[in-house]
Novice: 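Structure in structure tokens, see below.
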Amino acid sequence: MSNGKLNGARLEQQFANLGINDNHHQSSGKPTAGRYVPPHLRSQSVSALQSRRPHSGWHQRIESETWDNRRTSFPRADAWGGGSRSEMGYSSPQRRGWSDRASSQGDRSYRPGRYQSNNYGGRGGNFSEDGFNRRGEDGIGSWRDGVHIIATRSSFIERDLFGSPDDLDRQHTGINFEKYDDIPVEATGNNVPEGVSNFTNPPLDKHILSNIELSRYSIPTPVQKYSIPIVSSGRDLMACAQTGSGKTGGFLFPILSELFKHGPSPLPPEQPGLYRGRKAYPAGLILAPTRELASQIFDEARKFAYRSWVRPCVVYGGADIHGQMRSIERGCDLLTATPGRLVDLIERGRVSLSQTRYLVLDEADRMLDMGFEPQIRRIVEQEDMPGVNERQTLMFSATFPRDIQVLARDFLKDYVFLSVGRVGSTSENITQKVEYVEDEDKRSVLLDILHAQTKNDRGLTLIFVETKRMADLLSEFLINSGFPATSIHGDRTQRERERALDSFRTGRVPIMVATAVAARGLDIPNVTHVINYDLPTDIDDYVHRIGRTGRAGNVGISTAFFNRGNKGIVRELIELLKEANQEIPAWLETVARETSSYGGSSRGGNRSRGRGQNRDYRKFGSSSERGSYGSNNTE
DNA sequence: AAAAAAC
């Protein structure tokens, strides 16, 4: 199962296996049984999918429904005539690419020869008296003659995107609004704009306000308070914010708001190239370090782009690239991507970054670490993305080590540094326990913990291990011990990963064993317990991992198994526990004392200064000055 | 040393 090296028959087999276990298909009774639907498309309404059924051949339909987004999921009489659009006609050579038109803002309908100048986006008309479209056909706005045409509302789409008010799954009830005022916020840089305390029309566009309201967010979280005016005033941002503090909204709200205000960029004349089709020119690009995180961000983007001219898309590896290409060539204004797949699409000539005005690096410290940095540099510096002065760049992460801040400077101009939450530490919402457990005792201690909590705890337990192999072994062990468990790691297929995450999220399988792939950014409500079965070697990873619980003001528990193998992080761990007002076991202090303070590793010197690392190094950094980049390693 | 991310 975990070694998926089947070749020829793989695809068919995958399709054949599909209808069996996927509860999405079963529960919603959609006509898609037997087909793989990526997570971000699974909530499409029945009518939407049915309406597409008669249009094209079976094979085509799999692909298009897989990656198709809302925009083309609904019949559009004006664009498609009698609704006889076929995938073949779609790719016919006589179709003119939208990007090689004389007019910069071309019509995006797909019928060959159809042309309406100054029109961008979907149909905006068809209003009914109450503003709702009863047939559930719209939700796609447009831009015409400098005016943002907001599409009619659709109760179908709204239920898909926003859930119903009593839908516990979707609610953000845990947000402790009173506590927001106590959270320290530090904004440094030149002329830092004043924070806003409400979602209001200036500076936000009215339409984004309406989508924020539909999502039931009532007041800005601390990071949003500042990111909104910072982005609206054209500034760059490096934001260091506690996990679960609304970082995604922190960049989506102001970016979409600006896009709604200003409309699409004029498209450049198409360069001759191998690929003659419609190229995607996203106005905003969001990069994320894992596929699941990209998918999660995209889900949010769909909510806040609802009824607007902005079409969000997502691309990531491990999923069929052709479907993704078809999706983005239908229009792609706000693209969320993992780096590898994006580079692939750029090489294929399917994506140009020449119109990208907003660049977001989520989990930025991860994106700029040794594994990712070359790819990021390539995307940002060696493709056709506008230079640092012609775009706005935003970086977000819960941790921002000083050396990464130095690196990040290459991508930013006169940025505001924002530090939200308990600086450099984890939230007090999380009760952190550390237990001394030898490797050979870990299994039985884990079982004890799980036995103790299954009684009345209906929350989810996330268990982190260091290796993919251990993730497999441990989840198998738990299952054999009678605990419903699943696992997620990079050697599982994308389908397995998504299914594992989904069954965990819904609570069907309340225990998940995970590698670092699940450590960052994933927003899974109701994770009440994070267990570090293996502690990471980097304290920042620990911070991100335990941040999967205690989200949005909820409380959570974290348990770490510590033994001699983990003494490398002992001092940083103690510092962290102190800052978060956690109990520190006496034996842990002993281990720290026994661990030589000069212990050979360079880690103690550069990174560990506790609170220092999440503060603006321009202001708090020790010896290195702004101008001394390149020779700053003399501590 | 391991994990993640493209085929």
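Order of the sequence lines fixes the chain letters, A, B, ..., with proteins taken first and strands second; residue numbering starts at 1 for each chain. These numbers come from a predicted model, not from an experiment.
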Novice: Can you tell me whether the side chain of A:Thr537 and the base of B:dA1 have a donor-acceptor pair closer than 3.5 Å?
Specialist: yes
Novice: Tell me whether A:Lys442 is salt-bridged to A:Glu466, with the criterion being a basic N under 4.0 Å from an acidic carboxylate O.
Specialist: no
Novice: Rounded to whole angstroms, how far apart are CG on A:Leu345 and P on B:dA6?
Specialist: 10 Å
Novice: Under the side-chain contact (heavy atoms from CB on, under 4.5 Å) test, which residues partner A:Ser481, sequence neighbours left out?
Specialist: A:Leu447, A:Phe477, A:Phe483
Novice: Which nucleotide, B:dA1, B:dA4, B:dA5, lies nearest any side-chain atom of A:Arg366?
Specialist: B:dA4
Novice: In this structure, how many angstroms lie between the P atom of B:dA5 and the CZ atom of A:Arg378, rounded?
Specialist: 18 Å
Novice: Kindly write out the residues that satisfy ring-ring contact (aromatic ring centres under 6.0 Å, His included) with A:Tyr415, not counting sequence neighbours, or none if the list is empty.
Specialist: none
Novice: Among B:dA5, B:dA2, B:dA4, which nucleotide sits nearest the side chain of A:Thr515?
Specialist: B:dA4
Novice: Could you tell me how far apart A:Leu368 (CG) and B:dA5 (P) are, to the nearest whole angstrom?
Specialist: 17 Å
Novice: What is the separation between atom CG on A:Asp491 and atom C1' on B:dA5, rounded to the nearest whole Å?
Specialist: 13 Å
Novice: Under 4.0 Å, heavy atoms only, any strand: does A:Arg497 hit a base, just the sugar-phosphate, or nothing?
Specialist: sugar-phosphate
Novice: Please find out if less than 6.0 Å separates the ring center of A:Tyr533 from that of A:Phe464.
Specialist: no
Novice: Side-chain N or O of A:Arg291 versus OP1/OP2 of B:dA6: is the shortest distance under 4.0 Å?
Specialist: yes
Novice: What does A:Gly490 touch in the nucleic acid at a heavy-atom separation under 4.0 angstrom: a base, only the sugar-phosphate, or nothing?
Specialist: sugar-phosphate
Novice: Expressed as a whole number of angstroms, how long is the span from A:Asp472:CG to B:dA2:P?
Specialist: 15 Å
Novice: Heavy atoms only, 4.0 Å cut-off, all strands: where does A:Val517 land among base, sugar-phosphate and nothing?
Specialist: sugar-phosphate
Novice: Of all the choices, B:dA6, B:dA3, B:dA4, which nucleotide is nearest to the side chain of A:Tyr316 once you look at every atom?
Specialist: B:dA6
